[in-house]
Amino acid sequence: MSDIALHPDWLDLLRGEFEQPYMADLKAFLAAERAGGARVFPRPAEWFRALDLTPPDQVRVVILGQDPYHGEGQAHGLCFSVQPGVRVPPSLVNIFKELDTDLGLARPSHGFLESWAKQGVLLLNSVLTVRMGAAASHQGRGWERFTDAVVKAVAAGPRPTVFLLWGAYAQKKAAFIPDVSKGGRHLVLKAAHPSPLSAHNGFLGCGHFSRANAFLREHGRGEIDWGLPAL
């Protein structure tokens with residue numbers, strides 16, 4: 001993927017991944033998808049958008065998603081986020097409900113989360129691409145190994161960081177994170193996925209946003225303004 005731009009600080013940390021055979025296989029798979037006429041989301045320039053907006057030394061919170069939205073015009077490289085003017089998806093509606101319950105933040109009029117990313121919230125999907133209309137169509141092709149490396153790089157850093165792991169898929173990556181509950185330096189918070197299918201099983205009412213800010217303040221890292229500015 002030498003033709004894909006990536007923030008130089010991330011490239012320094014992840015250069016070895018791009019030299020691995022699995023990455024060549026992934027690049028070939030994506031090229032074949034597109035050559036065969038498949039629409040792949042997001043567009044290539046946004047595959048690494050989460051990393052570009054949130055350099056490693058600025059990461060304060062990590063939110064892990066599964067794979068990008070597969071509808072037209074939704075995905076733009078940040079998990080759970082949609083482009084301006086796009087209807088807010090159900091999982092993000094539940095995230096906004098929890099922000100209201102937890103922090104008293106009224107539901108925004110849009111689902112564009114770039115302001116979070118620019119404050120140090122790494123909005124990382126485990127799989128960075130998807131075929132239009134086919135959820136999970138790019139799972140098992142190599143992206144998971146790459147994003148494992150991203151999580152490991154953040155977890156190896158010296159700064160206390162919050163990891164919000166919603167759902168079993170995201171929670172698989174907890175194995176890489178030195179958790180404060182086990183003598184580590186990072187706060188790992190787990191809950192059900194915010195999807196309407198599972199949000200009532202522990203996501204709604206989890207209080208993760210206030211707990212994240214409390215941890216960041218305690219460790220001298222400020223806090224995240226979870227409110228979204230008007231577009």
Side-chain angles (χ1 to χ4, degrees), residues 50-51 54 56 58-69 78-81 88-105 111 113 116-117 119-128 135-136 139-140 143-219 221-227:
L51 300 179
T54 315
Q58 296 179 23
V59 176
R60 295 192 284 168
V61 177
V62 179
I63 297 179
L64 287 172
Q66 191 159 333
D67 59 351
Y69 297 121
L78 305 181
C79 73
F80 294 109
S81 181
V88 178
S91 291
L92 188 51
V93 168
N94 283 331
I95 290 172
F96 290 159
K97 286 180 180 178
E98 177 57 22
L99 281 166
D100 183 10
T101 301
D102 190 16
L103 297 175
L105 296 175
L113 306 182
W116 292 2
Q119 294 180 72
V121 181
L122 180 61
L123 295 165
L124 183 70
N125 276 313
S126 292
V127 175
L128 300 188
Q139 288 183 13
W143 280 128
E144 294 92 340
R145 182 169 168 181
F146 177 78
T147 54
D148 282 355
V150 173
V151 172
K152 289 175 183 177
V154 175
R159 299 174 182 84
T161 301
V162 181
F163 291 81
L164 303 183
L165 308 183
W166 299 331
Y169 197 88
Q171 289 166 18
K172 292 178 182 178
K173 295 194 190 302
F176 310 137
I177 306 166
D179 187 345
V180 291
S181 68
K182 301 175 182 177
R185 63 187 167 279
H186 305 305
L187 178 64
V188 178
L189 299 177
K190 300 178 182 179
H193 193 277
S195 161
L197 298 175
S198 57
H200 291 280
N201 294 327
F203 176 78
L204 295 175
C206 68
H208 280 187
F209 299 103
S210 59
R211 292 170 68 186
N213 275 351
F215 180 84
L216 293 174
R217 288 194 305 269
E218 179 185 347
H219 290 86
R221 304 206 66 195
E223 61 180 43
I224 305 298
D225 179 1
W226 295 104

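The analysis underlying the following values was restricted to heavy atoms, covering all of them including side chains, and did not include hydrogens, waters or symmetry mates. Fair warning: this is a prediction, and the values are worked out from it, not measured in the lab.
- Atom CG in Leu122 sits 13.5 Å away from atom CH2 in Trp116 (nearest 0.5 Å).
- The two residues Ser195 and Ser91 make their nearest non-hydrogen contact at CA-OG, 3.3 Å.
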**Pair Val127-Glu144, side-chain contact (heavy atoms from CB on, under 4.5 Å): steps then yes or no** = CA-CA 6 Å; Val127 175; Glu144 294 92 340; 3.5 Å; yes
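- The minimum heavy-atom distance linking Gly111 with Ser81 is given by the pair O-OG, 3.3 Å.
- Ring-plane geometry between Phe80 and His193 is classed as tilted, the angle between the planes lying from 30 to 60 degrees on a 0 to 90 degree scale.
- Rounded to the nearest 0.5 angstrom, Leu92 CG and Leu99 CG are separated by 9.0 Å.
- Distance alone, capped at 3.5 Å, places no donor-acceptor pair between the Asn201 side chain and the Ala192 backbone.
- For the residue pair Glu98 and His208, the shortest heavy atom distance occurs at OE2-N, 4.4 Å.
- Atom CG of Leu189 sits about 8.0 Å away from atom CG of Leu165, to the nearest 0.5 Å.
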**Message:** For Leu78 and Leu124: C-alpha separation, side-chain torsions, deciding distance, then whether side-chain contact (heavy atoms from CB on, under 4.5 Å) applies.
**Reply:** CA-CA 6 Å; Leu78 305 181; Leu124 183 70; over 6 Å; no
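- Although no hydrogens or angles enter the test, the distance criterion places no donor-acceptor pair under 3.5 Å between the side chain of Thr161 and the main chain of Val61.
- Within the structure, no pair that satisfies the salt bridge (Lys or Arg N to Asp or Glu O under 4.0 Å) test touches residues 174-185, not counting sequence neighbours.
- At least one side-chain heavy atom of Val188 sits less than 4.5 Å from a side-chain heavy atom of Ile177.
- Between Arg159 and Arg221, the closest side-chain pair of non-hydrogen atoms falls below 4.5 Å.
- The stretch residues 167-176 participates, sequence neighbours left out, in these salt bridge (Lys or Arg N to Asp or Glu O under 4.0 Å) pairs: Asp148-Lys173.
- Taking 4.5 Å as the limit, some side-chain heavy atom of Val121 sits within range of a side-chain heavy atom of Trp226.
- At a threshold of 4.5 Å between non-hydrogen side-chain atoms, the residues Trp166 and Gln171 do not count as touching.
- Taking the side chain as every heavy atom from C-beta outward, Lys97 and Leu204 approach each other to under 4.5 Å.
- By the 4.5 Å heavy-atom criterion applied to side chains, Val154 and Val62 are counted as neighbours.
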**Request:** Take Val180 and His186, measure what side-chain contact (heavy atoms from CB on, under 4.5 Å) needs, and give me the verdict at the end.
**Result:** CA-CA 5 Å; Val180 291; His186 305 305; 5.6 Å; no
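- Summarising the geometry, atom CD belonging to Glu218 is positioned 9.0 Å from atom CG belonging to Leu187; distances are rounded to the nearest 0.5 Å.
- Closest of all the heavy-atom pairs between Pro178 and Ala155 is CD-CB, 3.7 Å.
- Between Leu64 and Cys79, the shortest heavy-atom contact is C-SG, 4.3 Å.
- Using bins of under 30°, 30° to 60° and over 60° for the plane-to-plane angle, the ring pair Trp143/Phe146 lands in the perpendicular bin.
- At a threshold of 4.5 Å between non-hydrogen side-chain atoms, the residues Asp225 and Gln119 count as touching.
- Using a 4.5 Å heavy-atom cutoff, the side chains of Leu216 and Ile224 are in contact.
- To the nearest 0.5 angstrom, Asn125 atom CG is 8.5 Å from Tyr69 atom OH.
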**Request:** Test side-chain contact (heavy atoms from CB on, under 4.5 Å) on Phe209 and Ile95 and set out the steps.
**Result:** CA-CA 10 Å; Phe209 299 103; Ile95 290 172; 3.8 Å; yes
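- Atoms CG and CG, from Leu51 and Leu123 in turn, are 11.0 Å apart once rounded to the nearest 0.5 Å.
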